[in-house]
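Hydrogens, waters and symmetry mates are skipped; everything else that's a heavy atom, side chains included, is used. Just so it is clear: chains get the letters A, B, ... in the order the sequence lines come, proteins before strands, and each one is counted from 1.
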2 protein chains.
Amino acid sequence: MGHARNPTPRRPARAAPHPAAAAPLELGKLAGYLGYQIRQAQSAIFRDLARATRPLGVTPGEFSLLATLQHNPGLSSLRLAQAYRLDKTSLSLALKRLAGRGLIASNRNAGDRRYHALALTAAGRDVLRRATRRIEAQERAMDALLGPGERPLLLDRLGRIAAAFGR
Amino acid sequence: MGHARNPTPRRPARAAPHPAAAAPLELGKLAGYLGYQIRQAQSAIFRDLARATRPLGVTPGEFSLLATLQHNPGLSSLRLAQAYRLDKTSLSLALKRLAGRGLIASNRNAGDRRYHALALTAAGRDVLRRATRRIEAQERAMDALLGPGERPLLLDRLGRIAAAFGR
DNA sequence: TATTGTTATACTCTATAACTATA
DNA sequence: TATAGTTATAGAGTATAACAATA
C-alpha cells in the first residue's frame with residue numbers, strides 16, 4: 001500500500017509460468033447466467049451454514065426436515081419426500097439417521113396402519129431451536145448485503161423459479 | 001373458478017387418514033429464509049438442466065468447467081479447483097472423466113513441468129456449444145418469470161452473497 | 001522443502017430394485 | 001392389487017491421506 005514503489009517496474013525474468021493464484025478467472029457468459037450465480041450462492045451459503053450447525057450435529061438439509069416436521073406434525077414420510085422431491089428411499093435413510101439420534105419419532109398411525117406419523121421429539125425441538133438461531137444470524141448477514149425491500153423480491157422470484165422448474 | 005359451486009360442502013366420510021397429496025405443506029419461517037429459497041431454486045434448476053444436457057453426456061457442473069476452460073485456456077487444475085472451491089483431488093477426478101471422454105486435453109507445461117495446461121478439444125468445444133444452447137433456453141425461460149431489469153439485480157445480489165460467504 | 005498432480009479410500013446424498021406390512 | 005415404508009446396492013460428488021514428479 002503506502003510502501004516504497006518499485007522505481008523501475010521490471011518485467012518478470014521469465015514469462016509468468018502460472019498466473020498469480022489471486023488473478024480472478026474469466027467467466028465469460030457464465031457470469032450472466034442466473035443458474036450459475038444461484039449455484040455459486042447456494043454452495044457458499046451451504047458451506048457457511050454447515051460450519052455453523054456442525055457443533056449441533058445437524059446439516060442444513062436436516063434442519064429443513066426438522067423445521068418442516070415442526071410445522072406439520074403427524075406428516076407421513078411419503079408426503080415429506082414429495083414436498084422435497086426426493087425418492088421415498090432417500091428420505092427413509094435421512095429419517096433413520098434423525099430417529100437414530102433421537103431427534104424425531106415415527107409412530108404407526110392408528111387409523112391406517114400403513115403409514116407412520118412423524119414428529120419431533122423434545123431433543124429434536126431443542127436442536128431445531130438452537131440451529132434456528134444460527135440460521136437467522138446468517139439471514140441477517142444476507143440482509144446487510146441487500147437494499148431495503150429487496151428480500152421479499154428475491155424470495156418471490158426464487159420461489160417462482162423453483163415452482164416453474166419444479167416438475 | 002367460474003364452476004358450479006358445491007351446494008352442500010359435505011365433510012369427508014371419515015377423518016382424512018392422510019392429507020391429500022396435493023395439499024402444500026406448512027413451511028413456517030422456512031419460506032422467508034433466502035438460504036431455503038435459494039436452495040429450492042438451485043435444486044429445481046439443476047434437475048431441469050441435467051435433463052436437458054443428459055443427451056449430450058455432460059452434467060451442469062461439467063458444463064461450467066468446460067465454459068471456464070474455454071475462457072481461460074492453459075489454466076492449471078489447481079487454479080480451477082481454487083476458483084470452484086473444490087479440493088484438488090475432487091477436481092482431479094472430474095477432469096479425468098472429461099479427459100476420458102475426449103472433451104479436454106492436459107499437457108505438461110514446457111516452462112514449469114510440474115503443472116499441466118488444460119484446454120478444450122474440438123469435441124469439447126462442440127459439446128460446449130450444444131450445451132450452451134440448452135442452458136440459454138433455460139435462462140430465457142427464467143426471464144419470462146422476471147420483471148424488466150430484474151435480472152441484473154438478481155445476478156448482483158447473488159454474487160454478493162457468494163462473495164460474502166465464500167471464504 | 002514446496003508445489004502440482006494422482007491414486008487409494010471413505011463418507012454423504014441420491015436413486016433403482018426387491019422386499020415387508022397393511023389396506 | 002395398491003400404498004407406505006424399509007433394506008440392499010450402486011452411482012455421483014466430495015474429502016483426507018499417502019504418494020510421485022518437478023522445482
**Q.** Distance in Å, Leu154(B) CG paired with Leu153(A) CG, rounded so as to fall on 0.5 Å steps
**A.** 6.5 Å
Q: Rounded to the nearest angstrom, tell me the gap between atom CG in Leu98(A) and atom P in dG5(D).
A: 15 Å
Q) Counting only side-chain N and O atoms of Ser77(A), is one of them less than 4.0 Å from OP1 or OP2 of dG5(D)? A) yes
Q | Integer-rounded Å distance: dA20(D) P and Arg108(B) CZ | A | 14 Å
Q. Any donor and acceptor pair, going by atom type alone, linking the side chain of Thr121(A) with main-chain N or O of Ala105(A) inside 3.5 Å?
A. no
Q) In whole angstrom, what separates Arg113(B)'s CZ from dT6(C)'s P? A) 14 Å
**Q.** From Asp143(A) atom CG to Arg151(A) atom CZ, the distance as rounded to the nearest 0.5 Å
**A.** 4.0 Å
Q: Spell out protein contact along nucleotides 11-17 of chain D as letters: B when the base is contacted, S when just the sugar-phosphate is, - when no protein heavy atom is under 4.0 Å; keep the 5' to 3' order.
A: --SBBBB
Q. What integer distance in Å separates Asp112(B):CG from dT4(C):P?
A. 8 Å
Q: Let me know the distance between NZ of Lys96(B) and P of dT6(C), rounded to the nearest Å.
A: 9 Å
Q) Within the distance-only criterion (no hydrogens, no angle test), does the side chain of Glu139(A) pair as donor or acceptor with the backbone N or O of Leu34(B) below 3.5 angstrom? A) yes
Q) Would you call the rings of Tyr84(B) and Tyr36(A) parallel, tilted or perpendicular if under 30° counts as parallel and over 60° as perpendicular? A) perpendicular
Q) Rounding to a whole Å, what distance do you find between Tyr84(A):OH and dA15(C):P? A) 15 Å
(Q) I want to confirm an ordering. Mapping Ala110(A) and His116(B) to their closest nucleotides on DNA chain C, which one lands closer to the 5' end? (A) His116(B)
Q: Indicate yes or no: at least one non-hydrogen side-chain atom of Phe63(A) is less than 4.5 angstrom from one of Arg134(A).
A: no
Q | Nearest-angstrom distance from the residue atom CZ of Arg79(A) to C1' of dG5(D) | A | 16 Å
Q. Ser92(A) side chain N/O closer than 4.0 Å to the phosphate oxygens (OP1, OP2) of dT6(D)?
A. yes
**Q.** N-O pairing of Glu62(B) and Arg101(B) below 4.0 Å
**A.** yes
Q: Please state how far atom CZ in Arg54(B) lies from atom C1' in dA15(C), giving the value in whole angstrom units.
A: 11 Å
Q. Among dA23(D), dA21(C), dG5(C), which is the nearest nucleotide to the side chain of Leu78(B)?
A. dG5(C)
